[in-house]
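These numbers come from a predicted model, not from an experiment. The chains referred to below are lettered A, B, ... by the order of the sequence lines, with proteins before strands, and numbering in each begins at 1.
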Protein chains: 2
Amino acid sequence: MTALLLIIFGGALSIAYGLWAINDVMKRDAGTARMREIASAVAEGAQAYLKRQYLTIGVVGVVLFALLWWLLGMLVALGFAVGAILSGVAGFIGMNVSVRANVRTAQAAAKSLADGLDVAFKSGAVTGMLVAGLALLGVTIYYAVLTRGLGHAPSSRVVIDSLVALGFGASLISIFARLGGGIFTKGADVGADLVGKVEAGIPEDDPRNPATIADNVGDNVGDCAGMAADLFETYAVTIVATMVLAAIFFAGSPWLETMMIYPLAIGAACIVTSIIGTFAVKLGQNGSIMGALYKGFIAAGVLSIAAIAIVNLLVFGGFSQSFTTVQGVTFTSGQLFGCALAGLAVTALIVVITEYYTGTGKRPVVSIAQASVTGHGTNVIQGLAVSLESTALPTIVIVAGIIVSYGLAGLFGIAIATTAMLALAGVVVALDAFGPVTDNAGGIAEMAGMPADVRKSTDALDAVGNTTKAVTKGYAIGSAGLGALVLFAAYTSDLNFFIAEANKAGSTSFQYFKGVTVDFSLSNPYVVVGLLLGGLIPFLFGGMSMTAVGKAAGSVVEEVRRQFREKPGIMEGTDRPDYGRAVDMLTRSAIKQMVIPSLLPVLAPVVIFFVINAIAGRNQAFAAVGAMLLGVIVTGIFVAISMTSGGGAWDNAKKSFEDGFVDKDGVRHLKGSEAHKASVTGDTVGDPYKDTAGPAVNPAIKITNIIALLLLAILAHS
Amino acid sequence: MTALLLIIFGGALSIAYGLWAINDVMKRDAGTARMREIASAVAEGAQAYLKRQYLTIGVVGVVLFALLWWLLGMLVALGFAVGAILSGVAGFIGMNVSVRANVRTAQAAAKSLADGLDVAFKSGAVTGMLVAGLALLGVTIYYAVLTRGLGHAPSSRVVIDSLVALGFGASLISIFARLGGGIFTKGADVGADLVGKVEAGIPEDDPRNPATIADNVGDNVGDCAGMAADLFETYAVTIVATMVLAAIFFAGSPWLETMMIYPLAIGAACIVTSIIGTFAVKLGQNGSIMGALYKGFIAAGVLSIAAIAIVNLLVFGGFSQSFTTVQGVTFTSGQLFGCALAGLAVTALIVVITEYYTGTGKRPVVSIAQASVTGHGTNVIQGLAVSLESTALPTIVIVAGIIVSYGLAGLFGIAIATTAMLALAGVVVALDAFGPVTDNAGGIAEMAGMPADVRKSTDALDAVGNTTKAVTKGYAIGSAGLGALVLFAAYTSDLNFFIAEANKAGSTSFQYFKGVTVDFSLSNPYVVVGLLLGGLIPFLFGGMSMTAVGKAAGSVVEEVRRQFREKPGIMEGTDRPDYGRAVDMLTRSAIKQMVIPSLLPVLAPVVIFFVINAIAGRNQAFAAVGAMLLGVIVTGIFVAISMTSGGGAWDNAKKSFEDGFVDKDGVRHLKGSEAHKASVTGDTVGDPYKDTAGPAVNPAIKITNIIALLLLAILAHS
């Protein structure tokens with residue numbers, strides 16, 4: 001119990017940090033009345049959107065809650081509720097801080113870049129710490145209640161099913177929030193640009209554009225709340241999957257509980273190091289924002305090595321303790337420590353690689369800027385080339401992570417590596433969540449007519465934000481790749497457990513699994529069928545979300561055109577645009593558009609199971625669904641990385657023109673030049689790529705896996 | 001021997017058809033002196049390119065020939081040479097007809113659309129029939145020589161290895177020709193557009209543009225010769241893989257030879273029906289070009305059902321003969337017939353689906369045209385959305401094909417379905433290969449100043465050509481998806497054979513495989529590693545080829561700018577541009593750019609085998625390479641379909657503006673409007689997507705598989 005209390009203390013620390021940071025941010029100067037007015041319009045819109053989004057998810061959630069209660073019992077349903085509610089809370093608080101920090105960042109940036117960074121980063125850190133802290137607390141406390149409070153055995157089905165359901169709750173919020181928020185933000189962004197910059201010829205964030213508040217709202221609901229839900233889910237699902245694996249691998253072993261608590265302890269330790277890391281973020285003499293962020297990240301990473309070593313000492317008494325899983329794999333606690341280091345190394349490498357592919361001044365971004373010189377078409381071609389290419393190094397890193405951690409401690413080693421990778425979620429999210437704050441700050445500066453150098457500071461912060469946004473997405477999807485085998489192992493281990501129990505002499509439980517034998521070999525055509533159908537999900541899902549953004553943007557364009565037509569005074573500055581209507585209309589559109597694509601990964605495993613079951617029987621249905629889980633990752637990882645890195649690169653290629661881009665012939669292309677216009681096209685294309693379709697692939701992968709696990713549990717109870 | 005002679009007769013028919021059609025095309029009027037002058041410039045450029053390309057491949061080929069001779073013996077090396085040379089011959093003759101038919105098509109189109117279609121289609125049919133005929137003849141005759149001439153047993157290693165080497169020869173030409181031709185054609189196309197349309201403001205195919213001849217050369221070397229090599233390879237590799245599978249599954253059975261000959265017989269029968277089909281292509285009363293092509297395709301397809309039924313009667317004496325493979329799978333000849341029907345059905349459905357996604361006037365193309373109205377960015381977004389979405393239905397069709405044919409006759413059933421699918425290659429290629437001819441004809445009409453309605457006819461033909469081009473690519477990649485398990489089965493069966501032989505008491509052969517046990521289960525992390533690394537190949541390969549097109553286009557732009565600068569008279573029409581230099585420079589650039597990406601799929605299996613071997617030993621190395629073969633298909637099929645369908649849709653969305661596109665608000669957008677300009681951007685992006693990166697994925701998949709099979713053979717001999 002001491003261990004669990006210590007872990008809960010670690011999680012609580014993040015809440016304490018959050019409260020302190022919120023207080024610190026709120027004390028800052030909120031600027032002029034005009035600034036506050038704009039900020040409150042943004043805040044209002046964001047809250048209205050989130051309210052409606054949560055309401056919609058709530059309807060689905062209540063149905064699922066009832067269904068889970070009916071099918072798997074109250075405790076499982078409660079687990080689902082815990083996951084869903086905490087994920088919602090993390091996003092809600094994070095976003096509420098974000099919409100208050102934006103105006104304070106603008107005001108602080110008027111003083112200095114360092115001050116702007118301080119406010120923006122601190123508000124982002126609130127989201128980061130809440131995501132990691134609430135996820136850890138949710139899993140730990142619910143686990144403690146089930147095992148210590150209600151006395152269920154740690155490896156009992158009710159504990160495993162409840163934890164999986166907790167992950168499902170998080171996944172459900174995540175898929176809707178990522179997609180709905182993504183459609184809102186990019187619908188607003190693309191729509192506002194089209195009708196404002198292109199048609200009306202007014203600059204970005206011009207107050208005369210009725211969609212400009214919606215654009216700023218979008219940053220908060222998409223990049224802040226949506227991202228928070230995504231990372232909450234990734235964190236929760238990974239820890240849950242590791243615990244499930246521990247429960248199966250160490251069933252009957254005296255180490256069972258220790259192994260289930262170990263991932264939680266790593267999480268708690270790394271929350272502490274993440275908090276320390278946030279204090280290391282300070283703008284240096286050279287004024288490099290990325291450098292400041294790296295300081296915090298490196299501090300957190302290096303301290304985490306020591307922290308995990310201490311966890312090993314406390315949990316296992318050192319590095320030489322040896323264990324054997326039920327499958328006969330033997331490893332030492334030192335080897336588990338090695339796996340955790342491998343996970344940290346994967347994180348570090350993915351950060352560096354993503355920064356290379358999306359950072360201003362690096363070869364890929366420069367190549368896109370250069371290609372803009374010859375036109376729109378070549379800009380897009382080069383951007384697509386970069387996006388495809390950017391998948392190579394992360395994949396090789398993930399493969400290396402799999403090989404090293406499997407070599408050290410088998411499948412459980414991979415699970416520990418993935419856990420350690422995600423344990424840094426707090427600091428990684430903190431590095432990312434300041435992005436929408438600075439983006440908003442820039443918008444407010446523009447709309448409130450603040451001096452040009454404020455916008456310059458916020459733009460500099462925003463450019464780095466593009467990179468860190470891509471980093472977080474690469475990190476989330478990278479962990480999905482590393483964790484692919486963990487989720488698949490959870491599925492197969494569960495399946496084997498049910499089959500073994502059902503086939504015991506005289507057994508009356510799990511009779512659905514009686515006589516089932518599943519062949520997961522690649523020679524089984526149903527495995528290939530599952531790989532292909534799983535592989536299809538990210539592509540189809542991506543296509544549907546891109547279309548949804550197009551539709552949402554189209555509705556923005558029409559609304560703005562209508563306002564311009566009906567109130568000619570808007571363009572002359574004598575009439576005030578109706579910002580609220582644009583937000584409202586977009587809210588409706590985004591919520592409507594998010595439902596169908598979100599249901600695709602939710603329903604796919606169920607549909608495929610029953611269709612294949614009808615055609616070829618249970619054995620092949622289980623094989624096809626299992627293969628589907630890997631198929632969705634095998635294509636998903638490439639689709640997601642290519643979209644998020646490519647989109648980030650396009651965005652920063654456009655930013656290269658802000659101060660004039662010097663091409664290879666020495667010609668300088670300024671803002672407004674043909675080359676700049678071509679770069680804007682690439683940026684527009686990259687928008688839904690990097691902020692809607694690409695990032696939503698990660699929750700789509702996770703939810704497919706979680707649904708498959710729940711399907712097994714439900715079949716077992718049938 | 002009678003059966004083999006009949007098959008050879010069928011193959012020879014295609015040559016006879018080719019000679020007749022060439023003669024018929026050459027008799028047509030070649031137009032004015034100016035037209036002939038242009039056409040001969042194109043022909044010269046195309047021959048110069050092909051010469052240099054074959055020379056480069058020749059160098060690689062001679063090295064590989066020597067290597068194969070040394071490692072696997074003379075007969076295997078000769079098989080390689082047969083595959084490579086025949087593939088080269090098919091492309092060479094097809095292209096030479098194509099560069100002569102272009103000018104005759106322009107002249108015929110001046111008479112009527114029906115005449116234009118007749119000449120263009122007939123010249124395309126030459127390529128189609130040669131591809132199928134030469135591939136069938138090559139495999140059949142070499143098989144006859146080995147078994148009847150030299151007396152090797154049909155299931156002996158030397159026969160299997162020689163047939164695989166024949167496939168390798170075809171693959172080698174294919175990957176280089178597809179990629180080199182693709183880089184040339186799209187480098188020319190994109191480059192000519194950029195510098196001509198965008199910079200100089202002159203129309204497409206304007207004779208003042210020094211890159212315009214290169215553009216026309218590109219159509220021939222890419223869409224004709226490159227496509228021919230691709231389909232030759234797909235045909236040869238599929239038939240070879242089916243034969244290898246038959247050799248293994250029926251080893252020791254009295255049906256062994258019959259089963260090896262059955263796929264050849266299907267091929268021969270369908271060549272006959274394809275030839276008949278070509279005569280059904282006639283423009284009807286309604287003037288629908290697609291309708292005319294469908295007539296030919298449907299005729300060939302329906303007749304093929306009857307033809308394969310006859311083959312079944314002749315080969316198996318009916319539909320009730322029962323067989324059992326060495327693995328214990330039992331099926332009847334009637335069930336094999338059912339598999340062949342499934343293959344034909346997959347072909348038909350892929351044609352219909354691809355036409356839907358790329359056809360003018362259908363929802364996807366219209367949605368892209370509509371999105372052009374709001375700008376470059378939304379055009380590209382919608383195009384990408386369509387490209388992602390277009391993968392769904394073909395995948396489901398392929399999955400259904402796998403399930404049905406596996407249900408009927410196990411793995412061998414899938415092989416027969418794939419064979420039947422490809423047996424229609426003759427008519428499918430014929431439907432496609434007229435595309436570059438009409439594209440060229442349009443260029444010649446423009447340059448020679450022919451009346452506008454000629455260009456209108458050739459444009460109408462060209463629009464359909466875009467769809468049929470996408471169809472052929474979807475068909476080729478679809479067969480790769482359906483054939484995935486066949487190629488993988490060939491790998492595992494080969495592997496199992498070597499392992500079994502090596503482990504026989506007192507065995508001294510294949511000692512590398514002694515004690516090897518390979519776990520192809522998805523739970524093996526090295527299988528996941530293989531899937532991920534295989535999955536990476538199409539993405540990285542795609543990125544590299546897109547970059548290559550960008551570079552080639554850049555070199556065209558610079559050359560044209562130089563000519564405009566040094567000879568100001570060109571623009572005024574007083575000086576003649578140096579077309580040859582542009583062709584020459586692009587040839588150099590394309591050949592240089594094709595080498596590195598081509599080597600990626602060639603080297604990947606070898607490198608991965610030895611790296612994993614060093615880390616984790618032979619067992620895991622074999623598992624990883626095997627999984628890689630499926631990984632490359634699982635992502636490759638989506639990458640290829642999305643690129644080729646998306647590109648086709650973009651191209652035809654642009655074509656929608658030729659006669660004015662009426663948007664959903666009833667506004668008409670003409671050529672030269674902002675919406676049209678946006679559609680041109682999408683078309684430019686789609687160019688390397690659909691003509692370079694996308695189609696080259698198919699040979700990349702095949703060559704990875706073939707190399708893996710050869711690697712096994714070489715390890716067995718070591």
Do [X] side-chain atoms and [Y] backbone N/O form a donor-acceptor pair below 3.5 Å?
| X | Y | result |
| --- | --- | --- |
| B:Ser645 | B:Ser642 | no |
| A:Thr378 | A:Ala371 | yes |
| A:Ser493 | A:Ala490 | no |
| B:Asn613 | B:Ala621 | no |

Does any backbone or side-chain atom of [X] lie under 4.5 Å from a heavy atom of chain A? Answer side chain, backbone, both or neither.
| X | result |
| --- | --- |
| B:Leu522 | both |
| B:Ala678 | neither |
| B:Phe638 | both |
| B:Tyr689 | side chain |
| B:Ile381 | both |
| B:Leu630 | side chain |
| B:Ile537 | neither |
| B:Val685 | both |
| B:Leu536 | both |
| B:Thr395 | side chain |
| B:Phe539 | both |

Please determine, among [options], the option with the most heavy-atom pairs under 4.5 Å with chain A.
| options | answer |
| --- | --- |
| B:Ser390, B:Ala693, B:Gly377 | B:Gly377 |
| B:Thr684, B:Leu540, B:Val195, B:Leu532 | B:Leu532 |
| B:Ile403, B:Val380, B:Ile402 | B:Ile403 |
| B:Leu411, B:Thr547, B:Ile396, B:Ile398 | B:Thr547 |
| B:Val190, B:Leu384, B:Thr492 | B:Leu384 |
| B:Val557, B:Asp193, B:Asp519, B:Leu533 | B:Leu533 |

inquiry  = I'd like to know which of A:Gly682, A:Gly383, A:Ser523 tops the heavy-atom pair count under 4.5 Å against chain B.
reply    =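 Max contact count across the listed options: A:Ser523.
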
inquiry  = Heavy-atom pairs under 4.5 Å with chain B: which of A:Pro525, A:Gly407, A:Gly543, A:Ala553 has the most?
reply    =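 Result: the option with the highest number of such pairs is A:Pro525.
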
From [X] atom [atom1] to [Y] atom [atom2], the distance as rounded to the nearest 0.5 Å:
| X | Y | atom1 | atom2 | answer |
| --- | --- | --- | --- | --- |
| A:Met546 | B:Ser387 | CE | OG | 8.0 Å |
| B:Ile477 | B:Ile641 | CD1 | CD1 | 6.5 Å |
| A:Asp189 | A:Asp687 | CG | CG | 4.5 Å |
| A:Glu674 | A:Ser372 | CD | OG | 11.5 Å |
| A:Leu482 | A:Thr418 | CG | OG1 | 3.5 Å |
| B:Leu408 | B:Ile414 | CG | CD1 | 10.5 Å |

Segment of [X] engaging chain B (4.5 angstrom heavy-atom cut-off):
| X | answer |
| --- | --- |
| A:Leu531 | both |
| A:Ala616 | neither |
| A:Val527 | side chain |

request  = Would you please say whether a donor-acceptor pair under 3.5 Å links the side chains of B:His376 and B:Thr681?
outcome  = yes

query = Would you call B:Lys664-A:Glu558 a salt bridge at under 4.0 Å N-O?
reply =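 Result for this pair is yes, salt bridge flagged.
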
message = Are A:Phe622 and A:Tyr491, when compared by the centres of their aromatic rings, separated by less than 6.0 Å?
response = no

